[in-house]
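A quick note: this is a predicted structure, and the numbers were derived from the prediction, not measured.
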Amino acid sequence: MRWLPATPGTTAPRKRSRPFPFLALVLPALVISACSTGGSAPAAQKSPQPVQQRTAGGRLVTAKAAIDTWQQLPMDPTKAKLPPKLASQILDGYRIFMDTPKYAPEYVHNDMSCTNCHMNGGQKDKAIPLVGVAAAFPDVSGNSGRVISLEDRIVSCFLRSENGANAPKRATADSEPVIAVATYLSWISHGLPVGESPAWRHQNVIPRERQIPVDRLDPKLGQKLYAEKCAACHGRDGQGVEMAAGLKPGPLWGPGSWNDGAGLARVYTLAGFIRYAMPYSEPGSLSDEEAQQIAAFIDAQPRPSFPNKAKDYTFPGGKVPRDAVYYPQLYPQNPLALKLQAP
């Protein structure tokens, strides 16, 4: 679901060395001191309530905002006064975030950008927002069960959502585009308490009690709903329709889309995004069931293969999620694809 803003006047990112070790931990504090107007109380003294209030206080574009707001950025690095030592990397990270194939072409292998899933530069509510997320790392990876840094998480997005596992260069935690994106995300997270997950994180979720079991999902019904609700922008072929003002939805399946190890290759994860962020003309208007059936149709489609799927969820106690329909450990063949292909 790509809504890619043009970035006129930008130039390709310059190569730089990493400015700080352990960026996910150090940078938020540095940016806080550079951008905040007053002191900040220790995280232990803060409650989640002020963080929740900041949603209405301008930290995020509202979830109901429609297509005419696609260029809104509460924190726009092209207009803001940036910390001098980090300005270039913040801008590079923003450009990579908004047009990854253009600004990090050797590290990706599809037509997706970070902002396709994290809309408005990661600054829109209920569109997988990333404001404050830098301060929540280190965190635990659901795929590997290990503690990871912010950079590790960005690498995972490069490898999976942007199919960088099949790119000329494999992103690592110290790759320059990864460090640049981490710098941008840390900048938009300034002023939020380190070690706390912001209130608006993990909101693109279908409640478990409302999840339709995979064997009861109907991708053919999803196909009908897709034609009615989604095809005007994404095209019947799922490859996106050229629109005004530089917008073009990205591919939902096929070689230009996310690979089968990405988060959106899981039905309930994709459904949670669709439920609250789509359709862009009226976000949040779909029901839980409609979102799941549309997700079932999209995740019945062919897409690039993630070569390391066999290693996912193999940690002690790990279990392949029931909606991971592309994982042969759980399903010998994608059950939704079989349903869609059935006469």
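Using a 4.5 Å heavy-atom threshold, the side chains of Tyr94 and Val181 count as separate. Side-chain atoms of Phe273 and Met119, non-hydrogen and from C-beta on, do get closer than 4.5 Å to each other. Within the 4.5 Å cutoff, no side-chain heavy atoms of Thr314 are placed close to those of Gln329. Looking at heavy atoms from C-beta onward, Pro177 lies in side-chain contact with Phe158 at the 4.5 angstrom threshold. At least one side-chain heavy atom of Ser186 sits under 4.5 Å from a side-chain heavy atom of Leu150. Looking at heavy atoms from C-beta onward, Met112 lies out of side-chain contact with Thr100 at the 4.5 angstrom threshold.
Cluster annotation: Ile90 and Ile188 are assigned to the same hydrophobic cluster (Ile/Leu/Val/Met/Phe/Trp/Tyr, side-chain heavy-atom contacts under 4.5 Å, transitive). Linking ILVMFWY side-chain heavy atoms closer than 4.5 Å, directly or via other members, places Leu73 and Leu91 in a single hydrophobic cluster. Tracing side-chain contacts under 4.5 Å through hydrophobic residues (I, L, V, M, F, W, Y), one never reaches Tyr276 starting from Ile128; they form parts of separate clusters. No chain of hydrophobic side-chain contacts below 4.5 Å, direct or via other Ile, Leu, Val, Met, Phe, Trp or Tyr residues, connects Ile274 to Tyr326. Hydrophobic cluster membership is shared by Trp70 and Met278, with clusters built from Ile, Leu, Val, Met, Phe, Trp and Tyr side chains linked at under 4.5 angstrom.
Between Asp152 and Ala173, the shortest heavy-atom distance links the atoms OD1-CB, 3.7 Å. Considering all non-hydrogen atoms of both residues, Val214 and Val325 come closest at CG1-CG1, 4.1 Å. Taking each heavy atom of Pro328 and Lys309 in turn, the nearest pair found is CD-CE, 4.0 Å. Counting all heavy atoms, side chain and backbone alike, Pro249 lies closest to Val241 at CD-O, 3.3 Å. Minimum heavy-atom separation, Pro251 to Gln239: CB-OE1, 3.4 Å. Nearest heavy atom pair, residue Ile206 against residue Gln292, reads CG2-NE2, 3.7 Å.
Asn308 is linked by a side chain to side chain donor-acceptor pair (under 3.5 Å) to nothing, counting only residues two or more places apart in sequence or in another chain. Partners of Asn166 according to the side chain to side chain donor-acceptor pair (under 3.5 Å) rule, which considers only residues two or more places apart in sequence or in another chain, are Asn163. Among residues two or more places apart in sequence or in another chain, the salt bridge (Lys or Arg N to Asp or Glu O under 4.0 Å) test is passed with Lys339 by none. Partners of Tyr313 under the ring pair (Phe, Tyr, Trp, His ring centres under 6.0 Å) rule, at least two apart in sequence or in another chain, are Tyr327. Scored by the side chain to side chain donor-acceptor pair (under 3.5 Å) test, Glu289 finds no partners at all (sequence neighbours excluded). Judged as a salt bridge (Lys or Arg N to Asp or Glu O under 4.0 Å), and not counting sequence neighbours, the contacts of Asp288 are Arg210, Arg275. Partners of Ser144 under the side chain to side chain donor-acceptor pair (under 3.5 Å) rule, at least two apart in sequence or in another chain, are Ser141. With sequence neighbours excluded, the residues satisfying ring pair (Phe, Tyr, Trp, His ring centres under 6.0 Å) with Phe297 are Tyr226, Trp253. Taking Arg322 as the reference, nothing meets the salt bridge (Lys or Arg N to Asp or Glu O under 4.0 Å) condition, with sequence neighbours excluded.
Between the side chain of Asn259 and the backbone N or O of Leu159 there is at least one donor-acceptor pair closer than 3.5 Å. For the pair Asn110 (side chain) and Ser257 (backbone), a donor-acceptor distance under 3.5 Å is present. At distances below 3.5 Å, not a single donor-acceptor pair connects side-chain atoms of Asp260 with backbone N or O atoms of Arg303. In this structure, Glu162 contributes its side chain and Cys114 its backbone to a donor-acceptor pair below 3.5 Å. A distance-only check finds a donor-acceptor pair linking the side chain of Gln123 to the backbone of Met75 [under 3.5 Å]. Judged purely by atom type and a 3.5 angstrom limit, Lys124 uses its side chain to pair as donor or acceptor with the backbone of Ala65. Not one N or O on the side chain of Tyr107 forms a donor-acceptor pair closer than 3.5 Å with the backbone of Glu176. The backbone N or O of Phe97 sits nowhere less than 3.5 Å from a side-chain atom of Thr115 that would complete a donor-acceptor pair.
A side-chain donor-acceptor contact under 3.5 Å links Thr172 and Ser175. Ser113 and Asn116 share no side-chain donor-acceptor pair at under 3.5 Å.
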Applying side chain to side chain contact (heavy atoms under 4.5 Å, CB included), run through Tyr184 and Ile96 and close with a yes or a no. CA-CA 10 Å; Tyr184 166 68; Ile96 293 167; over 6 Å; no
Under the side chain to side chain contact (heavy atoms under 4.5 Å, CB included) rule, what do Leu192 and Val131 come out as? Steps first, then yes or no, please. CA-CA 9 Å; Leu192 296 177; Val131 175; 4.0 Å; yes
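Within the structure, salt bridge (Lys or Arg N to Asp or Glu O under 4.0 Å) contacts touching residues 225-241 (residues at least two apart or in different chains) do not occur. Applying the side chain to side chain donor-acceptor pair (under 3.5 Å) test to pairs two or more places apart or on separate chains, those with a residue in residues 262-274 are Arg266-Asp323. Sorted pairs that involve residues 213-223 and meet side chain to side chain donor-acceptor pair (under 3.5 Å), not counting sequence neighbours, are lacking altogether.
Taking 4.0 Å as the cut-off between side-chain N and carboxylate O, Arg95 and Asp92 count as a salt-bridged pair.
Atom CD of Glu290 and atom SG of Cys230 lie 9.5 Å apart (nearest 0.5 Å). Note that the NZ atom of Lys126 and the CG atom of Leu60 stand 11.0 Å from one another [nearest 0.5 Å]. The structure places CG of Leu336 at 9.5 Å from CD of Gln293, a figure rounded to the nearest 0.5 Å. Atom CZ of Arg59 and atom CH2 of Trp200 lie 5.5 Å apart (nearest 0.5 Å). The distance from the CG atom of Asp299 to the CG atom of Leu270 is 5.0 Å, given to the nearest 0.5 Å. Separating the SG atom in Cys157 from the NE2 atom in His118 is a distance of 5.0 Å, to the nearest 0.5 Å.
When the shell of 6.0 Å around NE2 of His109 is examined, it contains 12 or fewer heavy atoms from other residues, nucleotides or ligands. The neighbour count for Glu282 CD, taken as heavy atoms of other residues, nucleotides or ligands under 6.0 Å away, does not exceed 12.
A salt bridge (Lys or Arg N to Asp or Glu O under 4.0 Å) with Asp139 is found for exactly one of Arg201, Arg153, Arg146, namely Arg201.
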